[in-house]
Peer 1: 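Quick one: this structure, given as C-alpha cells, is what I'll be asking you about.
One-based numbering, in listed order, for ligands and for the atoms of each. Each residue takes its place number in the sequence, starting with 1.
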Amino acid sequence: MNRTSLHRRRLLAAAAALPFTRPALAQELPLTPACGPQAGLTPRQTEGPFYTPDTPRRTSFVEPGTRAERLVLTGRVLSPQCRPVPQALLDFWHCDENGHYDNAGFRYRGHQFADAGGRFRLETIFPAIYPGRARHVHVKVQAPGRRILTTQLYFPGDARDGLWRAELVVAMAGRPEGKTAAFQFIVDA
Ligand SMILES: [Fe+2]
C-alpha cells in the first residue's frame with residue numbers, strides 16, 4: 001500500500017467513526033441549502049402527530065443536569081431573493097434522548113424570532129432515533145405575516161425512512177463542547 005492510499009484509508013476510517021461529521025467542515029459551516037435562483041423554497045413536510053401550539057419563547061431546551069449529547073442548531077431565514085428575514089418566527093420541537101415527545105408540557109419545545117440578519121440559534125440535545133423514523137427536528141418557520149413553512153430537519157448519512165430528504169439535511173461540525181448543525185431556511189417573505 002502506498003502512502004497516499006494509506007492516508008485515504010485513514011480519512012475514510014475517521015469519517016466512518018464520525019457519521020454526523022463532515023471532516024472538511026471543521027470551523028466554517030456552510031448553510032444548507034445554498035440560496036440563489038436555483039434553490040427554491042425549503043421543502044414542506046408533515047407536521048406529524050406531536051405538535052403543541054403556544055410554546056414558550058426560548059433559545060435553549062437544555063435541562064440542568066442532562067447527560068444527553070448537546071446540539072447547537074444555527075442558521076438563517078432568507079427570502080427567495082436571498083434577503084434576511086428579520087423577526088422570522090421559528091418554532092422547534094423534537095423528541096428527547098429516549099425517543100419520547102412531551103405531549104403534556106413543553107420539554108424540547110419552544111419558539112424564537114430571528115435577529116435583524118435573519119439568524120437563529122437553538123441550544124438543545126440530539127433527539128433520539130425512534131423506531132420507524134430517521135433522527136429529526138420538527139420546525140415551523142414564518143416570515144412576519146406570511147405563510148407558515150412546516151418541515152423537518154435531518155442529519156447526514158441517516159436516510160433510514162422515506163421522509164429523509166437531502167434538501168433538509170443540516171451541515172454538521174464537531175466542537176469540543178458538542179456538535180453544531182447549520183441550516184438555511186428559504187421561505188415566502
Ligand atoms: Fe417526530
Peer 1: Could you label the plane-to-plane angle of the Y108 and F61 rings as parallel, tilted or perpendicular, counting under 30° as parallel and over 60° as perpendicular?
Peer 2: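 It falls in the perpendicular class, over 60°.
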Peer 1: Give the other cluster members for L89, using side-chain heavy-atom distances under 4.5 Å between Ile, Leu, Val, Met, Phe, Trp and Tyr residues; answer none if it is isolated.
Peer 2: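 Taking Ile, Leu, Val, Met, Phe, Trp and Tyr as members, L89 shares its hydrophobic cluster with F113.
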Peer 1: In chain order, what residues pass the side-chain hydrogen bond (donor to acceptor under 3.5 Å, both in side chains) check against D102, with sequence neighbours excluded?
Peer 2: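 None.
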Peer 1: Using ring pair (Phe, Tyr, Trp, His ring centres under 6.0 Å) as the criterion, list what pairs up with Y51, not counting sequence neighbours.
Peer 2: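 Per chain and number, Y51 pairs via ring pair (Phe, Tyr, Trp, His ring centres under 6.0 Å) with W93.
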Peer 1: Please verify the inter-ring angle class for H136 with Y154; under 30° counts as parallel, over 60° as perpendicular, anything in between as tilted.
Peer 2: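 The rings of H136 and Y154 sit tilted, inter-plane angle from 30° to 60°.
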Peer 1: Does R67 pair with E97 as a salt bridge, N-O distance under 4.0 Å?
Peer 2: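 Answer for the salt bridge query: no.
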Peer 1: Which protein N, O or S atoms lie under 2.8 Å from the Fe ion (ligand 1), given by chain and residue number?
Peer 2: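 The answer is Y101 OH, Y130 OH, H136 NE2, H138 NE2.
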